[in-house]
Amino acid sequence: MSLTIRPASNSDSRYVFNLSQDPSVRQWSTRTQEYSWEEHQVWWARRFNEPTTKWWMVEVDGVQCGYARYGKIVPDEFHVKEEEAAEISIAIEPRMQAQGVGRELLGTTMSLACDWLGVRRLIALVLSENMPSHHLFRSCGFSYAGLETRMGKSHVRYEWPNPTPLR
């Protein structure tokens, strides 16, 4: 198995949309309702071009199989006291889950994201019942940091402090 991790490009929008609409991926998302391609295009244009967001894609044997998105947290209704942190969103193709792809993707990009976004820690919110993601984040060195409710759903909050100094 040949694994490649690369920065995302604008042309990855369709892939991200398709993966996010997969029912087995949607079930673990905070926002479980489907959305249209048009809505995604508007969201992508805003999120992909934000200087506070960094994306990486993962491929196995030359075929896309997931992504990780890191978004620098800007204080809002959910992040009142967050400073120097970024939140992670990750999705891996169902056929590639439980094969170490997510762990490799996160392990390769966590420090890079901290450097690129100028943050000192990473935050992952995982739906309480999403056991595979709990295992993934713990295996990448994240620590339990409490419970949060977002969009009416219970999440476990994990945090990872960047062990390397920011440049």
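Positions are given from 1, in the same order as the sequence printed here. None of these values were measured; they are calculated from a predicted model.
- A salt bridge (Lys or Arg N to Asp or Glu O under 4.0 Å) check over residues 102-114, counting only residues at least two apart or in different chains, returns nothing.
- Within the structure, salt bridge (Lys or Arg N to Asp or Glu O under 4.0 Å) pairs that include any residue of residues 52-64 comprise Arg6-Glu59 (at least two apart or interchain).
- Counting only heavy atoms from C-beta outward, the side chains of Val16 and Met57 approach each other to under 4.5 Å.
- In terms of heavy-atom proximity, Arg150 sits nearest to His155 at O-CE1, 3.6 Å.
- Between Tyr144 and Arg138, every side-chain heavy-atom pair lies at or beyond the 4.5 Å cut-off.
- With sequence neighbours excluded, no residue forms a side chain to side chain donor-acceptor pair (under 3.5 Å) with Trp43.
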Inset, instruction - Step by step, work out the side chain to side chain contact (heavy atoms under 4.5 Å, CB included) result for Ile88 and Phe137. - result: CA-CA 10 Å; Ile88 300 170; Phe137 285 105; 4.1 Å; yes
Inset, instruction - Using the side chain to side chain contact (heavy atoms under 4.5 Å, CB included) rule, take Trp44 and Asn10 through it: C-alpha gap first, then chi angles, then the decisive distance, then the call. - result: CA-CA 9 Å; Trp44 179 268; Asn10 212 25; 2.7 Å; yes
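- Cluster membership for Val42 and Tyr35, using ILVMFWY side-chain heavy atoms within less than 4.5 angstrom, is not shared.
- Here the straight-line distance linking atom SG of Cys140 with atom NE2 of His135 works out to 9.0 Å at 0.5 Å rounding.
- To the nearest 0.5 angstrom, Leu117 atom CG is 9.5 Å from Tyr70 atom OH.
- For the atom pair Trp56 CH2 and Tyr67 OH, the distance stands at 14.5 Å (nearest 0.5 Å).
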Legend entry - Step-by-step side chain to side chain contact (heavy atoms under 4.5 Å, CB included) determination, Ile90 to Leu136: CA-CA 11 Å; Ile90 184 171; Leu136 170 64; 4.2 Å; yes
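- Heavy atoms only, all atoms of each residue included: Pro51 and Trp116 are closest at O-CZ3, 3.3 Å.
- Put simply, the side chain of Tyr15 gets close to the backbone of Gly66: a donor and an acceptor are under 3.5 Å apart.
- Between the side chain of Ser128 and the backbone N or O of Ser154, at least one donor-acceptor pair lies under 3.5 Å.
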Going by atom type alone, with no hydrogens or angles, which donor-acceptor pairs under 3.5 Å involve a side-chain atom of residues 94-101 and a protein atom two or more places apart or on another chain?
| residue | atom | partner | partner atom | Å |
| --- | --- | --- | --- | --- |
| Arg95 | NH2 | Gln64 | O | 3.3 |
| Gln97 | NE2 | Ile92 | O | 2.8 |
| Gln99 | NE2 | Arg95 | O | 2.9 |

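- Applying the side chain to side chain contact (heavy atoms under 4.5 Å, CB included) test between Trp160 and each of Ile123, Leu106, Leu122 identifies Leu122 as the sole match.
- To the nearest 0.5 Å, atom CD of residue Glu159 and atom CD of residue Glu87 are 10.5 Å apart.
- Judged as a side-chain contact (heavy atoms from CB on, under 4.5 Å), and not counting sequence neighbours, the contacts of Thr53 are Arg47, Glu50, Trp55, Arg69.
- Ile5 approaches Leu105 most closely through the heavy-atom pair CD1-CA, 3.6 Å.
- Note that the OG1 atom of Thr149 and the CG atom of Leu125 stand 10.5 Å from one another [nearest 0.5 Å].
- Legend: residues meeting ring pair (Phe, Tyr, Trp, His ring centres under 6.0 Å) with Trp37, ordered by chain and number and at least two apart, are Phe17, His40.
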